[in-house]
Amino acid sequence: MAMPMQARAYAFMGNARDHHQRDGIRSRPGLHLVFPGDPESVRRALSRARVAFRAMSIPEEHSGIAEIVLAEVLNNIVEHAYQDHGRGVIELGVESLPGWLAFTIRDDGLPMPGGKPPDGSPPDLSVPFGALPEGGFGWLMIHELTQGLSYRRIGNRNELRFRLDIAESAELPG
């Protein structure tokens with residue numbers, strides 16, 4: 001049975017609304033979601049983000065890139081941050097700023113190895129076909145498409161922040 005996605009109070013993090021009012025995320029137009037860290041809830045959050053980007057009048061090319069980056073980050077949280085202790089909660093904040101979308105993503109999963117996001121180095125593709133990596137491109141793409149990427153561990157919570165430039169024409173790297 002799927003849990004409905006809605007903001008609610010959780011004992012370990014308090015009321016999400018109050019949390020965001022303290023750090024100023026809710027002061028500008030944007031999006032704020034608190035949802036379970038499972039694949040189905042991530043899909044619903046991405047759908048809601050798409051609707052919110054439209055409501056914020058974000059051009060389709062930029063909202064598409066934002067959705068790709070969000071999908072990669074949120075799926076990494078589900079797959080890696082919650083790998084040892086099951087599901088947790090993900091908190092997503094998006095602010096619309098002049099020329100930028102600013103993202104804050106928090107979770108209570110495992111910390112990132114080494115206390116920082118993976119560097120996003122391209123995998124070695126000069127190996128035989130059967131030895132090609134299955135993954136390894138996600139963090140490279142995140143680094144290429146975002147600005148101001150930062151990570152910190154606050155108590156037992158992870159916080160990832162980044163911005164997407166929506167002032168210029170968006171282009172995928174390559």
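None of these values were measured; they are calculated from a predicted model.
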Checklist entry - Just checking, is any N or O donor in the side chain of Arg106 or Asn158 under 3.5 Å from an acceptor N or O on the other one? => result no

Item to check | With Leu70, the side chain to side chain contact (heavy atoms under 4.5 Å, CB included) member among Leu92, Ile65, Val42 | outcome: Leu92

Next on the checklist: To the closest 0.5 Å, what do you measure between CD1 (Ile77) and CG (Leu160)?
Outcome noted: 7.0 Å

Next on the checklist: Tell me if the CD atom of Glu60 is crowded by more than 12 foreign heavy atoms within 6.0 Å.
Outcome noted: no

Checklist entry - Run the side-chain contact (heavy atoms from CB on, under 4.5 Å) check on Arg48 and Phe35 step by step: do they pass? => result CA-CA 11 Å; Arg48 286 191 176 184; Phe35 54 95; over 6 Å; no

Checklist outcome for this item: Distance col, row Phe103:CZ vs Leu149:CG, nearest 0.5 angstrom, shows 12.0 Å

Item to check | Donor-acceptor under 3.5 Å (His143 side chain, Pro118 main chain) | outcome: yes

Item to check | Gap separating the CG atom of Leu97 from the CG atom of Leu164, nearest 0.5 angstrom | outcome: 11.5 Å

Next on the checklist: Could you check whether any side-chain N or O of Ser41 sits under 3.5 Å from a backbone N or O of Gly37, counting only pairs where one atom can act as donor and the other as acceptor?
Outcome noted: no

Next on the checklist: Between Thr104 and Phe162, is the side-chain contact (heavy atoms from CB on, under 4.5 Å) condition met? List the steps.
Outcome noted: CA-CA 7 Å; Thr104 302; Phe162 56 89; over 6 Å; no

Next on the checklist: With rounding to the nearest 0.5 angstrom, report the CG to CZ distance, Leu101 to Arg163.
Outcome noted: 11.5 Å

Checklist entry - Considering only heavy atoms from C-beta outward, does the side chain of Leu33 approach that of Glu91 to under 4.5 Å? => result no

Item to check | Leu145 CG to Met141 CE distance, which is reported to the nearest 0.5 Å | outcome: 6.5 Å

Checklist entry - Can we say Arg161 and Glu159 salt-bridge, meaning some charged N sits less than 4.0 Å from an Asp/Glu carboxylate O? => result yes

Checklist entry - Is the closest side-chain donor-acceptor distance between Tyr82 and Asp108 under 3.5 Å? => result yes

Item to check | Nearest-0.5 Å distance, CZ of residue Arg50 to OG of residue Ser63 | outcome: 8.5 Å

Checklist entry - Do the side chain of Tyr151 and the main chain of Pro111 share a donor and acceptor less than 3.5 angstrom apart? => result no

